[in-house]
Amino acid sequence: MSEYNKNISVNLPADCIYEIIQYIIYDLKTLHSCITVNKTFCQVSIQILWSNPFKYIEDEDKKKKWLIFRTYFSCLDDQEKKQIMTFIHKPVSDFPKPFINYPRFLQVFGTYNIQSSIRSFLQHYTVSTTENRINNIIYILNPFLEKLFFKDQSNFKYMKVDLNDEKNQMDWSLFNNNIVFSNIIKLSFEFSIKSSIKKMEILKFIQKNLSTFIDIISEYNKDIQHIRLSFMIEKPRLKKLETEYDNLLETLKYFICSLNNLNNLKSLEIPYSLCNEDLNNLLRKNSHSLTYLRLHEISDLLTVLNILEHCSNLKTIELLSFHNNTNIDNSICYKHITSNLDHLKNLYMTVPCIPVLILFQRIVLMANNNNLRTLFYDNIISDNYSRSNILLSCKNITHLFIRMTKKEFSFNISFLKKLKHLVFLKLGWNNYLKIGQIRELALSFPPSLQILEIIDIESQIIIARLTVLFQEMPCYLKEIGIEMHINDTILQIIMDYAKQKNSLITFRYTKSQNHNYNKISEKLLEAAKSLFTVDDNPRPFKISFIESGF
């Protein structure tokens, strides 16, 4: 190559650089390195880093949280900063205004993240850190938050309103520039009422904020594609609270009614208690676009089946938290189904009783079994009726949760042997399974299996069974997870498997805060880390394979 050609620089357009960086958006170190490449890389990298800076830090990392808000706070004008210096006791010169307007890059606005970062900021800079004092300062800061974040150039895509924490002092009804919400495609509204002391105040606060968002949706945004509404509330015993409680329920119902303005709803997560005629109208209107449905706190199964009939394009169904007093009559067994779920790929259900099992069977019958890929089937019925032979027709599943019990053992083994494309298996097993059954279980694993997670097991009887399981399975696992407190013997079993197969990349287990558990020698742990990555703080094992849009 000539000296001339060596000095030629290639300047990619910002759009191309943005697409390239999408492959490393979770690699914080590499993202920071991109800032130093050139001006365009710097602009694109900073825009991505500050679109949602909280996703790169742990929730308990208070230092990084106050640093994030310090950067935001520095973007205020000096006159605005002076009004807050009485609380911070620092000169304005300690917060020089940066050359970059960081708040304008924020696309994911979560009240919890903003509030907790403000708290960390104030606790770092103020002398008095009492709870009431911090709350009062945050309330005073509300107008300044509006100046920081709610400007015409704001470009929020996801608004997450979390009122579960009673420390929250962010009152949305005080913010006037609602036009900035016009680009939101995701809205999550969560709240709970735990305190009995301030229950009246909290009820009014939640209702006022919920009403604000109803107005925003109705007037400014008809293009929201993802809605999540989650709440935990109990009917108050005190008579004087009943009126506010009833008003809040009416507001929640009106919230569902307001969603009928939406034109292209793709995902919906709500409590079953809001399943009314307004919801049916919403589902009918958006039946062509809705692909994800998550219902919880379910009490009436026939209504659920009727809802699913409206949504023939669903790709993911998650039905959680069935009430113990779930009602059913024979109509759910014999109801004529007029539509199919031909596009269904992901099904998540915990089956606590026979009526829910019947609902599960009806859903699988509605689906095209060749398309079903992800199945979380947590059957916890200790009954002879719990078998669901309909599963044997689902041969293309790649991700599976299944519980091995003595009564279901033979059926489940037959099912596993049919899954030639299985990649990820979450496995719960009965502690009374014998060694011979564990060997048969291991041999049923297909060669395609790459990830195995084992949950709900007791350490007292696990050693011999784990030994047989990992000695007999024919597959070459890349990841292993065990939901239990491990010791040297269990870790050695995993190490022996890793040496034998030479495929293991990651081992996950639950680290206990109790020093009586996890008696792993440092020497053995270091030896294990030379073979594979050891993760002692994994995500919860018993969660859906499908990432929620929220």
Side-chain angles (χ1 to χ4, degrees), residues 344-351 357 360-361 363-365 367-457 462 464-483 493-494 497 500-501 503-504 508 541-546:
L344 186 64
K345 292 184 177 180
N346 314 296
L347 177 59
Y348 181 112
M349 286 183 67
T350 298
V351 179
L357 177 64
F360 171 80
Q361 292 172 330
I363 293 173
V364 176
L365 281 171
N368 182 335
N369 294 332
N370 291 324
N371 289 335
L372 197 61
R373 295 291 187 272
T374 298
L375 177 63
F376 195 107
Y377 173 55
D378 191 5
N379 190 342
I380 54 179
I381 306 173
S382 56
D383 193 288
N384 289 329
Y385 293 103
S386 61
R387 289 179 185 159
S388 184
N389 293 322
I390 193 172
L391 285 180
L392 295 177
S393 60
C394 304
K395 300 177 182 180
N396 293 325
I397 289 174
T398 60
H399 294 63
L400 174 69
F401 174 94
I402 197 166
R403 189 179 295 276
M404 305 295 294
T405 62
K406 291 177 70 175
K407 290 181 179 179
E408 294 273 290
F409 183 79
S410 296
F411 165 76
N412 288 337
I413 292 295
S414 299
F415 181 37
L416 286 171
K417 287 180 178 179
K418 289 181 177 292
L419 303 180
K420 305 302 182 184
H421 309 290
L422 189 64
V423 175
F424 192 162
L425 175 62
K426 291 178 187 274
L427 186 67
W429 73 38
N430 190 302
N431 289 317
Y432 297 101
L433 293 183
K434 298 177 181 179
I435 294 293
Q437 291 175 308
I438 297 296
R439 181 176 291 108
E440 190 177 353
L441 171 63
L443 293 173
S444 72
F445 294 166
S448 59
L449 190 64
Q450 297 180 19
I451 304 173
L452 175 65
E453 290 183 355
I454 306 173
I455 70 171
D456 297 342
I457 53 177
I462 195 62
R465 286 159 177 76
L466 279 181
T467 301
V468 171
L469 185 74
F470 288 108
Q471 284 179 347
E472 298 291 340
M473 68 173 67
C475 45
Y476 289 76
L477 297 176
K478 293 182 179 179
E479 298 180 25
I480 296 173
I482 299 180
E483 189 189 36
I493 293 171
I494 304 301
Y497 174 84
Q500 176 193 356
K501 298 290 189 177
S503 62
L504 189 62
R508 298 184 176 90
F541 286 96
K542 199 173 179 182
I543 58 174
S544 173
F545 295 105
I546 304 303

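Computation of the quantities below employed the complete heavy-atom set of this structure, encompassing side-chain atoms and omitting hydrogens, waters and symmetry-equivalent molecules.
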Which atom of L372 lies closest to which atom of N346, heavy atoms considered: CD1-N, 4.1 Å
Non-neighbouring partners of F424 that pass ring pair (Phe, Tyr, Trp, His ring centres under 6.0 Å), sequence neighbours left out: H399, F545
Residue list, salt bridge (Lys or Arg N to Asp or Glu O under 4.0 Å) with R508, at least two apart or on another chain: E479, D535
Gap between atom CG of L400 and atom NE2 of H421 - 0.5 Å precision: 14.0 Å
Residue list, ring pair (Phe, Tyr, Trp, His ring centres under 6.0 Å) with F376, at least two apart or on another chain: Y348, F401
Atom pair CG/CD of L443 and E472 - distance to nearest 0.5 Å: 5.5 Å
S503 (side chain) donor-acceptor with K478 (main chain) under 3.5 angstrom: no
Nearest heavy-atom neighbours spanning R465 and I438: O-CG2, 3.4 Å
Distance, nearest 0.5 Å, that separates OG of S410 from CZ of F415: 15.0 Å
Contacts of E453 that satisfy salt bridge (Lys or Arg N to Asp or Glu O under 4.0 Å) - sequence neighbours left out: K426
Any donor-acceptor N/O pair, S448 side chain to K420 backbone, under 3.5 Å: yes
Closest approach of I454 to L466 (non-hydrogen atoms, all atoms of both residues): CD1-CD2, 3.9 Å
Side chain to side chain contact (heavy atoms under 4.5 Å, CB included), paired with L477, selected from I494, L449, I451: L449
Verdict with supporting geometry, Y497 and M473, side-chain contact (heavy atoms from CB on, under 4.5 Å): CA-CA 10 Å; Y497 174 84; M473 68 173 67; 4.1 Å; yes
Crowding at OH, Y476 (>12 non-hydrogen neighbours, <6.0 Å): no
Approximate separation, where rounding is to 0.5 Å, of C394 SG and R373 CZ: 11.0 Å
Minimum heavy-atom distance P446-C475, with the two atoms named: O-CB, 3.5 Å
Side chain E408, main chain T405, donor-acceptor under 3.5 Å: no
4.5 Å side-chain heavy-atom contact, I397 and Y377: no
K542: partners by salt bridge (Lys or Arg N to Asp or Glu O under 4.0 Å), with sequence neighbours left out: D378
side-chain contact (heavy atoms from CB on, under 4.5 Å) assessment of L344 paired with N371: CA-CA 7 Å; L344 186 64; N371 289 335; over 6 Å; no
Inter-residue atom distance I455.CD1 - R403.CZ, 0.5 Å rounding: 5.5 Å
Least distance between heavy atoms, P474 atom then A442 atom: CD-O, 3.3 Å
Atom pair CZ (F360) and CG (L375), whose distance is rounded to the nearest 0.5 Å: 5.0 Å
Verdict with supporting geometry, I402 and L425, side-chain contact (heavy atoms from CB on, under 4.5 Å): CA-CA 8 Å; I402 197 166; L425 175 62; 4.2 Å; yes
Pair F470-I480, side-chain contact (heavy atoms from CB on, under 4.5 Å): steps then yes or no: CA-CA 10 Å; F470 288 108; I480 296 173; 3.5 Å; yes
Residue list, salt bridge (Lys or Arg N to Asp or Glu O under 4.0 Å) with K345, at least two apart or on another chain: none
